[in-house]
Amino acid sequence: VTTRAEAAPAQTVAARTTSGGGPTPLLFGDARFGLLYQWLVEEAALLDQHRYEEWLSRLADDLDYRVPIRQVSDQSRPAESGFGHFAETKASLATRVRRLEQRNAWAETPATATRRFVSNLRAQVDGDDLLASSYFLLIRNHGGRRAAQQVMGERHDRLRQDASGWKLVGRLVELDQTSLPVTNLAIFL
Amino acid sequence: MVVGTLFPNFSFVNPGGGPTEFGGPSEDGISIRIWHPLAADRTEIWVWNLAYREGSAAEQAAADRAILRTFGSAGLYEPDDTEIWERMQAGMRGVRARQQWLEFRPHLTSDQSWPHPGFARRGPQGEHRQVHFYEKWLAMVTAEDKPTDAKAVVR
């Protein structure tokens, strides 16, 4: 993906949005749309294959990674409550990865089998950044248990290019489920 | 670290403070939980986090982080607890487990000088909470003085 990322026309991206102001939608056929979708699909593969070091290398140092708790009420409310499942930096996610490498990290010993499906991508350009809103479905199989567990929702990502490729700068995950449908979140969304 | 339960289904946990990421500042918070029994082998836990009302937004966010990065659903500790709870349920369902007594052993003694209601213990985590929980539960379900509506049904 690094090759694709380096080939991305960052100058063109900036030029397009300086006049209009605000994010500009990308057509499906746009090269940057393909770049974004490839980035997301490859990220899903890295996480499903537990290649966490490679995943960390795709995160920006100033990453803001949030998974708030889904709230449902009669009145309209902000989707994001203060409390959540994740409110992370790259450093805290790296700490989780170190934890997962321990033999007594029982939630992932043995590692669960996960499949992350990413679809319905809507891409935008915002200055030098690329924005991706996408659906995700995560199916998790746990040890010898018969029933798989599922997590689903929508992710809003911001990617920015640096010398080594496109990095995740921001992620907001909107879960569809209010009660957590998995035993735990000893994995990443 | 402080953990405790108010019979029957209200619990609290305080991680005791510490950095929640490499090189990060020490942060601490208090979480309260309500245990909702859904079935004999299923429990749903509702989690709240406490923060000082007078605290700044940054201090309240730090209190949130201290819980969700430790005893949160995705924290450093709690995911492994939930895994063990499910494995215990699976183990207890077996034929041999049903034939045997369930033994509580580690650190059962309570602090005799505790001046307040209930039981307390200082030192390593033990199973006295579970023992006291089941003692109370057993006393209530075997009590002669049942609620009047229950008596009416029996007669």
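A note on names: the letters A, B, ... follow the listed sequences, proteins ahead of strands, and every chain is numbered from 1. Only a predicted model underlies this, so the values are computations on that prediction, with no experimental measurement involved.
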Discussion item. Can you tell me if Arg115(A) has over 12 outside heavy atoms packed within less than 6.0 Å of its CZ?
Written reply: no
Discussion item. Looking at Met1(B), I want to see if its CE is surrounded by more than 12 non-hydrogen atoms of other residues, nucleotides or ligands under 6.0 Å.
Written reply: yes
Worksheet item: Mind checking whether Leu131(A) and Leu172(A) sit in one hydrophobic cluster, side chains of I, L, V, M, F, W, Y counted as touching below 4.5 Å?
Response: no
Item to complete: Find the one option among Asn49(B), Ile45(B), Thr20(B) whose heavy-atom pairs under 4.5 Å with chain A are most numerous.
Response: Asn49(B)
Worksheet item: Thr82(B) side chain to Thr183(A) main-chain N or O, any donor-acceptor pair under 3.5 Å?
Response: yes
Worksheet item: Shared ILVMFWY cluster between Tyr52(A) and Val67(A), side chains joined below 4.5 angstrom?
Response: yes
Discussion item. Tell me whether Leu168(A) shares a hydrophobic cluster with Val118(A), the cluster being built from Ile, Leu, Val, Met, Phe, Trp, Tyr side chains joined at under 4.5 Å.
Written reply: yes
Worksheet item: Which pair of non-hydrogen atoms, one from Asn104(A) and one from Asp80(B), has the smallest distance, and what is that distance?
Response: O-OD2, 4.0 Å
Fill in: Passing candidate, side-chain contact (heavy atoms from CB on, under 4.5 Å) with Pro79(B), options Leu185(A), Ile187(A), Asn184(A), Leu100(A)
Asn184(A)
Discussion item. Does His142(A) form a side-chain contact (heavy atoms from CB on, under 4.5 Å) with Glu83(B)? I'd like the steps, not just the answer.
Written reply: CA-CA 10 Å; His142(A) 210 143; Glu83(B) 176 64 26; 2.7 Å; yes
Worksheet item: Is the CE atom of Met152(A) crowded by more than 12 outside heavy atoms at less than 6.0 Å?
Response: yes
Worksheet item: Counting heavy atoms not belonging to Trp48(B), are there more than 12 under 6.0 Å from its CH2?
Response: yes
Worksheet item: Where the side chain of Arg69(B) meets the backbone of Ala87(A), is there a donor-acceptor pair that is under 3.5 Å apart?
Response: yes
Practice prompt. Measure Thr109(A) against the heavy atoms of chain B and call it side chain, backbone, both or neither at under 4.5 Å.
Written response: backbone
Practice prompt. Looking only at non-hydrogen atoms, find the nearest pair between Pro110(A) and Arg87(B) and report the distance.
Written response: CD-NH2, 4.3 Å
Worksheet item: Which distance, rounded to the nearest 0.5 Å, do you find between the CZ of Arg98(A) and the CG of Leu76(B)?
Response: 12.0 Å
Worksheet, complete the sentence: The interface call for Ile84(B) against chain A, heavy-atom contacts under 4.5 Å, is side chain
Fill in: Which atoms of Glu44(B) approach chain A - backbone, side chain, both or neither, heavy atom under 4.5 Å
side chain
Practice prompt. Determine whether more than 12 heavy atoms belonging to other residues, nucleotides or ligands lie under 6.0 Å from atom OH of Tyr134(B).
Written response: no
Worksheet item: So, Thr95(A) side chain and Phe22(B) main chain: donor-acceptor pair closer than 3.5 Å or not?
Response: yes
